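Data first, discussion second: the structure below is written as structure tokens.
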Amino acid sequence: MNDLLRHQARIFIVDDEPANLKLLSKMLSSRKYQHLEAIQDPRDVLDRYRVTRPDLILLDINMPHLDGYQVMAQLKALDDPLLPPIVILTAQHGRETLLKALAAGARDFIGKPFDMAELLMRVNNLLDAHLAHCMLHDQKGILEDMVRIRTEELNQTRLQVVRRLGRAAEYRDNETGYHILRMSAYSALLASHLGWSDAASDLMLNASPMHDIGKIGIPDAVLLKPGRLDADEMAIIRTHPEIGASILAGDDSELLRLARTIALTHHEKWDGSGYPAGLSGLAIPQAGRIVAVADVFDALTSRRPYKRAWTVEEAVTYVIDNDGSHFDPEVVRCFRQHLPEILAIRDQHQEPLD
């Protein structure tokens, strides 16, 4: 260990005898130790420790008010992961005393009267070990911070990809980015009120924009047809949930797993008449049941080249009328209870007038 680094270490000297404090301070300062704190009253150790975190503590055993064992017990109770080594100062050399001190947390002993060479050797060795431990602890913290930052960067990149893919699907369907903003915010709001945690609701906000990603795989002649689709064309359109699930498959992140579930199941219906799997009731994942309401409500109230926008009243009536057939009754109930919040989101993300 570098001498300069070692000599910057903070050392507590705890002894009720002023002469011992003076002697130890003189011995250590003569070897260029600069940050020495002499403590005569052991009751002051805990408060001083909280203010000045020492790198080493020289501690007498037999003291009034609190003995060395009690001081060590106080320090141990702090659960400090970097508790400094404690060196016992004692004139007692019996085996029982030494074992009791070690059990209490002591790392070494210095006998009275003090031998300067022995004292300095023990102090140097313990400081070297403790300062090396501190450096390793700091490096671990730095590495953990680096991993956390990198993980956050990767999460943000994944989010950006998800959002852009969601926009890509909308452009293929003559939709606008405002639909994505609204329906994802509706979905997150409903999820939160249905008991999802904040973290899970945030995942819903960021995964639900991928609900129609499978439309990327639908031919333009079908997807962009201005008129009513025939049975064959409708069958092609109904493949987009499975296409979307295939696009999103193979990633183990929570975000993309949820996005895949939503893409695959948001066209299922409560009564089993939906697609692609004809799931019914609680067999449909709740995420799909939530997005079904959010997506349909926003689609109905949005103006498109091929249709007029329904009024809010008409769209709400449609949702209510399809409670228990198309939609999960619990989600519809939540939708009705929190309609003012949904309409506030709608007003916040209105599409600009032409």
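Note that the structure is a prediction, hence the values are computed from the model and not measured. The chain is numbered in sequence order, starting from 1.
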>> As a quick check of understanding, evaluate side chain to side chain contact (heavy atoms under 4.5 Å, CB included) for Val123 and Leu28, giving each step before the final call.
In response: CA-CA 9 Å; Val123 167; Leu28 292 169; 4.2 Å; yes
Determine the minimum heavy-atom distance between [X] and [Y], stating which atoms define it.
{"X": "Ile284", "Y": "Thr265", "answer": "CG2-O, 4.0 Å"}
{"X": "Ala294", "Y": "Ser187", "answer": "CB-OG, 3.3 Å"}
{"X": "Ala38", "Y": "Ser25", "answer": "CB-OG, 4.4 Å"}
{"X": "Pro209", "Y": "Ile180", "answer": "O-CD1, 3.4 Å"}
{"X": "Val14", "Y": "Pro42", "answer": "CG1-CA, 4.4 Å"}
{"X": "Val71", "Y": "Met63", "answer": "CG2-CE, 4.4 Å"}

So, taking the atom named [atom1] in [X] and the one named [atom2] in [Y], what distance separates them when rounded to the nearest 0.5 Å?
{"X": "Arg50", "Y": "Leu78", "atom1": "CZ", "atom2": "CG", "value": "5.5 Å"}
{"X": "Ile290", "Y": "Glu330", "atom1": "CD1", "atom2": "CD", "value": "8.5 Å"}
{"X": "Arg48", "Y": "Asp41", "atom1": "CZ", "atom2": "CG", "value": "9.5 Å"}
{"X": "Leu83", "Y": "Arg53", "atom1": "CG", "atom2": "CZ", "value": "8.0 Å"}
{"X": "Ile88", "Y": "Asp60", "atom1": "CD1", "atom2": "CG", "value": "8.5 Å"}
{"X": "Ile236", "Y": "Met234", "atom1": "CD1", "atom2": "CE", "value": "11.0 Å"}

For the residue pair [X] and [Y], establish whether any side-chain heavy-atom pair is separated by less than 4.5 Å.
{"X": "Gln40", "Y": "Pro18", "result": "yes"}
{"X": "Leu58", "Y": "Ile86", "result": "no"}
{"X": "Thr239", "Y": "Pro276", "result": "no"}
{"X": "Tyr275", "Y": "Pro241", "result": "yes"}
{"X": "Leu343", "Y": "Pro340", "result": "no"}
{"X": "Leu23", "Y": "Met27", "result": "yes"}
{"X": "Ile237", "Y": "Ile218", "result": "yes"}
{"X": "Leu24", "Y": "Leu119", "result": "yes"}

> Is the closest basic N to carboxylate O distance between Asp323 and Arg336 below 4.0 Å?
Replying inline: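 Salt bridge: no.
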> Is it true that Glu314 and Arg308 make a salt bridge, defined as a side-chain N closer than 4.0 Å to a carboxylate O?
Replying inline: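 Yes.
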Sidechain-backbone polar pair: [X] side chain, [Y] backbone, donor-acceptor under 3.5 Å:
{"X": "Asn20", "Y": "Asp16", "result": "no"}
{"X": "Arg10", "Y": "His35", "result": "no"}
{"X": "Ser192", "Y": "Leu189", "result": "no"}
{"X": "Ser208", "Y": "Met204", "result": "yes"}
{"X": "Thr261", "Y": "Arg257", "result": "yes"}
{"X": "Arg107", "Y": "Leu126", "result": "no"}
{"X": "Glu268", "Y": "Leu279", "result": "yes"}
{"X": "Glu233", "Y": "Asp230", "result": "yes"}
{"X": "Arg122", "Y": "Phe109", "result": "yes"}

>> Testing Leu256, Leu255, Leu264 one by one against Leu248 for a side chain to side chain contact (heavy atoms under 4.5 Å, CB included), which residue passes?
In response: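 Only match with Leu248 under side chain to side chain contact (heavy atoms under 4.5 Å, CB included): Leu256.
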> Taking atom types as modelled, is there a side-chain donor on Tyr49 or Asp80 under 3.5 Å from an acceptor on the other?
Replying inline: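 Judged by distance alone, the side chains do pair up.
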> Looking only at side chains, do His267 and Asp295 share a donor and an acceptor under 3.5 Å apart?
Replying inline: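 Judged by distance alone, the side chains do not pair up.
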Same cluster or not: [X] versus [Y], using hydrophobic residues (I, L, V, M, F, W, Y) connected whenever any side-chain heavy atoms lie under 4.5 Å apart?
{"X": "Val296", "Y": "Ile262", "value": "yes"}
{"X": "Leu223", "Y": "Ile247", "value": "yes"}
{"X": "Leu190", "Y": "Leu282", "value": "no"}
{"X": "Val87", "Y": "Met121", "value": "no"}
{"X": "Met72", "Y": "Leu102", "value": "yes"}

> Checking side-chain hydrogen bond (donor to acceptor under 3.5 Å, both in side chains) against Ser302, which of His179, Arg346, Arg182 comes through?
Replying inline: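 Only match with Ser302 under side-chain hydrogen bond (donor to acceptor under 3.5 Å, both in side chains): Arg182.
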Does [X] [atom1] have over 12 foreign heavy atoms under 6.0 Å away?
{"X": "Glu118", "atom1": "CD", "value": "yes"}
{"X": "Met116", "atom1": "CE", "value": "yes"}
{"X": "Asp198", "atom1": "CG", "value": "no"}

>> Between Asp15 and Lys22, does the salt bridge (Lys or Arg N to Asp or Glu O under 4.0 Å) criterion hold? Intermediate values first, please.
In response: CA-CA 10 Å; Asp15 198 307; Lys22 186 175 181 180; over 6 Å; no
> When you look at Arg333 and Asp328, which way does the salt bridge (Lys or Arg N to Asp or Glu O under 4.0 Å) test go after all the steps?
Replying inline: CA-CA 9 Å; Arg333 186 160 52 250; Asp328 174 357; over 6 Å; no
> Pairs in or reaching into residues 62-75: which pass side-chain hydrogen bond (donor to acceptor under 3.5 Å, both in side chains), with residues at least two apart or in two chains?
Replying inline: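 The answer is Arg43-His65.
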> What pairs of residues pass the ring pair (Phe, Tyr, Trp, His ring centres under 6.0 Å) test when at least one of them lies in residues 311-341, not counting sequence neighbours?
Replying inline: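 Sorted result for residues 311-341: His193-His338, Phe297-Phe335, Trp310-Tyr318.
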> Going through the distances and angles, do Lys215 and Ile243 end up as a side chain to side chain contact (heavy atoms under 4.5 Å, CB included)?
Replying inline: CA-CA 8 Å; Lys215 288 184 177 179; Ile243 295 172; over 6 Å; no
> Would Asp55 and Ile11 count as a side chain to side chain contact (heavy atoms under 4.5 Å, CB included) if you check the C-alpha gap in whole Å, the side-chain angles of each, and the deciding distance to 0.1 Å?
Replying inline: CA-CA 6 Å; Asp55 299 299; Ile11 301 176; 5.9 Å; no
> Please walk me through it: do Phe12 and Thr52 pass side chain to side chain contact (heavy atoms under 4.5 Å, CB included)?
Replying inline: CA-CA 9 Å; Phe12 279 8; Thr52 305; 4.3 Å; yes
